[in-house]
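Beneath this line is the structure, given in structure tokens, with notes to follow.
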There are 2 protein chains.
Amino acid sequence: MMRKKVKLAYITNNAARKAMYKKRKMGLIKEVSELRTLCNVDACAIIYSPDDSQPEVYPSPLGAVRVLAKFKNMTEKKHIKKMRDQESFLQQCIAKVNEELENRRKKNREKEITKLLLKGLVAPSSLQDLSLPDLNGLSSLIDLYLKDIDQRMEKLSLGQTQEEDCKPPTVAVQVEAATTAECPSEFDDQHAGGGATAATGPGI
Amino acid sequence: MMRKKVKLAYITNNAARKAMYKKRKMGLIKEVSELRTLCNVDACAIIYSPDDSQPEVYPSPLGAVRVLAKFKNMTEKKHIKKMRDQESFLQQCIAKVNEELENRRKKNREKEITKLLLKGLVAPSSLQDLSLPDLNGLSSLIDLYLKDIDQRMEKLSLGQTQEEDCKPPTVAVQVEAATTAECPSEFDDQHAGGGATAATGPGI
DNA sequence: CCGTCTATCTATAACGG
DNA sequence: TCCGTTATAGATAGACG
């Protein structure tokens, strides 16, 4: 009949609450004390009651400060480590993006060269005002085309023993141009504006 | 047969200690939680186990930091107040000591004057090379002596109707000199050296 | 290591002084 | 408000799977 099951809720009765607070506080501190003794751990408890002017600090203000300094130190270290981790992660991201950017630049250069080549095929006089690097790139590209053409012709000649022709090169150039045209210019720093892109997708 | 009464001491058995730690930690946290709920108090607990890499922080690292910031703030305020109190206490001490010092200086001056007076009585020519303040002090001291003599003689004449004599003054001077000679020169800043005195007594 | 079980121990709710 | 008492709810030591 005594000892009804205590309901876990705020005790509105003032005196009862204060009495409960005192009792439980004592029990709690005893618990902490026992834990410290039994398991040799650093533990502290800080309890503020609006009903009590003094906060209860176990094992002592000094001891509590010691424990919480340790805790603060550890969390700070963790925070720094986290920051470090994030930083290295971001640096990895940047490196990755930079690599991709370099790739895109290279492809873009090739595309430009291809455009010039096509233009030159249509109107040879337009090649007059090209810079030396452009001409170099153009020549190396043409070399690549020629190599590709040689390989294709070799395959064709092995399979069907056909005579040489001028058609394959032209087709190859057109195919290449079409392929590169499929690539969107998201990473094309040579032509895209300098504005930042706004990410609107969820969870980024 | 089960459940022997647990001895309140460090559990040397490793596994048993760890198991105990986990169980009691849980219980402790539950207690803190209930206290918070039942009495609406701000309470936190921080527990470090050497067996555990992570410290246990209730209600949460953030919550604990909040509570301990409150505590730190309060203790700092207290500390400042304590410092203030100590400061004012020390100032009071200093004032007291200064007062006593001034007293001692005064007595010392009187003693010096007495010495000069006695010297002068033995060899009157030695009064020649005294400074004006010394002479002034000497004269006022003589005035005091004379006053004292008058009073004593009055008492004597009232009690015994005796004739005036020159003996009492001399006796008075000797008594006074003897009395002042009993005072050790601990606070005698006029003659003591400037070295600090070493306190060797216990509990100071 | 981890959860579960149970006999036991401990803390404490309710009450009276 | 504080202390003491008492019966009980809740915590837990030790064992087991």
Side-chain angles (χ1 to χ4, degrees), chain A residues 1-61 63-64 67-68 70-71 74-75 78 81, chain B residues 1-61 63-64 67-68 70-71 74 78:
Chain A
M1 190 173 278
M2 268 196 200
R3 187 75 198 272
K4 76 180 176 195
K5 210 162 158 177
V6 56
K7 214 180 94 193
L8 205 63
Y10 178 66
I11 301 167
T12 50
N13 180 306
N14 222 307
R17 188 182 60 255
K18 281 183 87 168
M20 173 72 101
Y21 172 68
K22 280 190 72 171
K23 275 192 181 182
R24 290 239 177 184
K25 193 180 67 181
M26 270 192 63
L28 180 59
I29 284 172
K30 192 186 171 198
E31 282 272 307
V32 178
S33 154
E34 289 192 2
L35 187 59
R36 289 169 62 95
T37 302
L38 289 169
C39 303
N40 191 35
V41 299
D42 254 2
C44 74
I46 301 175
I47 314 166
Y48 281 94
S49 171
D51 300 328
D52 212 336
S53 65
Q54 290 296 116
E56 188 71 35
V57 181
Y58 183 87
S60 70
V67 175
L68 66 85
K70 209 166 156 187
F71 162 65
M74 188 176 266
T75 50
K78 251 183 162 175
K81 191 182 175 304
Chain B
M1 191 175 283
M2 267 196 197
R3 190 72 197 272
K4 76 181 175 193
K5 208 163 162 180
V6 57
K7 215 180 93 192
L8 205 64
Y10 178 66
I11 300 168
T12 49
N13 181 306
N14 222 307
R17 188 181 61 254
K18 281 185 87 170
M20 173 72 101
Y21 173 67
K22 280 192 72 172
K23 276 192 178 182
R24 290 239 176 182
K25 193 180 67 181
M26 270 192 63
L28 180 58
I29 284 172
K30 193 185 172 197
E31 282 273 306
V32 178
S33 154
E34 289 193 4
L35 186 59
R36 288 169 63 95
T37 303
L38 289 168
C39 303
N40 192 34
V41 299
D42 253 3
C44 74
I46 302 177
I47 314 166
Y48 280 94
S49 171
D51 300 329
D52 213 336
S53 65
Q54 290 296 116
E56 188 71 36
V57 181
Y58 183 86
S60 70
V67 175
L68 65 87
K70 210 166 156 188
F71 162 66
M74 188 175 266
K78 250 184 165 174

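Just so we're on the same page: letters track the sequence lines, and every chain starts at 1.
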message = Quick one: does any side-chain atom of Tyr21(B) pair with a main-chain N or O of Val41(A) as donor and acceptor, under 3.5 Å?
response = no
ask   = Within the side chain of Thr37(A), is there an N or O that forms a donor-acceptor pair under 3.5 Å with the backbone of Ser33(A)?
value = yes
request  = Evaluate the side-chain proximity of Val6(A) to Glu34(B): yes if any heavy-atom separation is below 4.5 Å, no if none is.
outcome  = no
request  = Please state how far atom CD1 in Ile11(B) lies from atom C1' in dA13(D), giving the value in whole angstrom units.
outcome  = 10 Å
key: Least distance between heavy atoms, Arg17(A) atom then Ile11(A) atom   = NH1-O, 3.0 Å
request  = Would you indicate whether the side-chain heavy atoms of Arg24(A) and Cys39(B) approach each other to under 4.5 Å?
outcome  = no
ask   = Given Ile29(B), which of Met26(B), Glu31(B), Lys25(B) fulfils the side chain to side chain contact (heavy atoms under 4.5 Å, CB included) condition?
value = Lys25(B)
query = In Å, rounded to the nearest 0.5 Å, how long is the span from CG of Asn40(A) to OG1 of Thr12(B)?
reply = 12.0 Å
query = CG of Leu35(B) to CD of Glu56(A): how many Å apart, nearest 0.5 Å?
reply = 10.5 Å
Relative orientation of the end axes in the helix from dC2(C)-dG17(D) to dG17(C)-dC2(D), expressed as an angle to the nearest 10° (five pairs per end) = 30°
request  = Can you tell me the distance, in whole Å, between the CG atom of Leu8(B) and the P atom of dC9(C)?
outcome  = 16 Å
query = Under a 4.0 Å heavy-atom cut-off, which of residues 12-37 of chain A touch DNA chain C?
reply = Met20(A), Lys23(A), Arg24(A), Gly27(A), Lys30(A)
ask   = Nearest-Å distance, NZ (Lys5(A)) to P (dA9(D))?
value = 8 Å
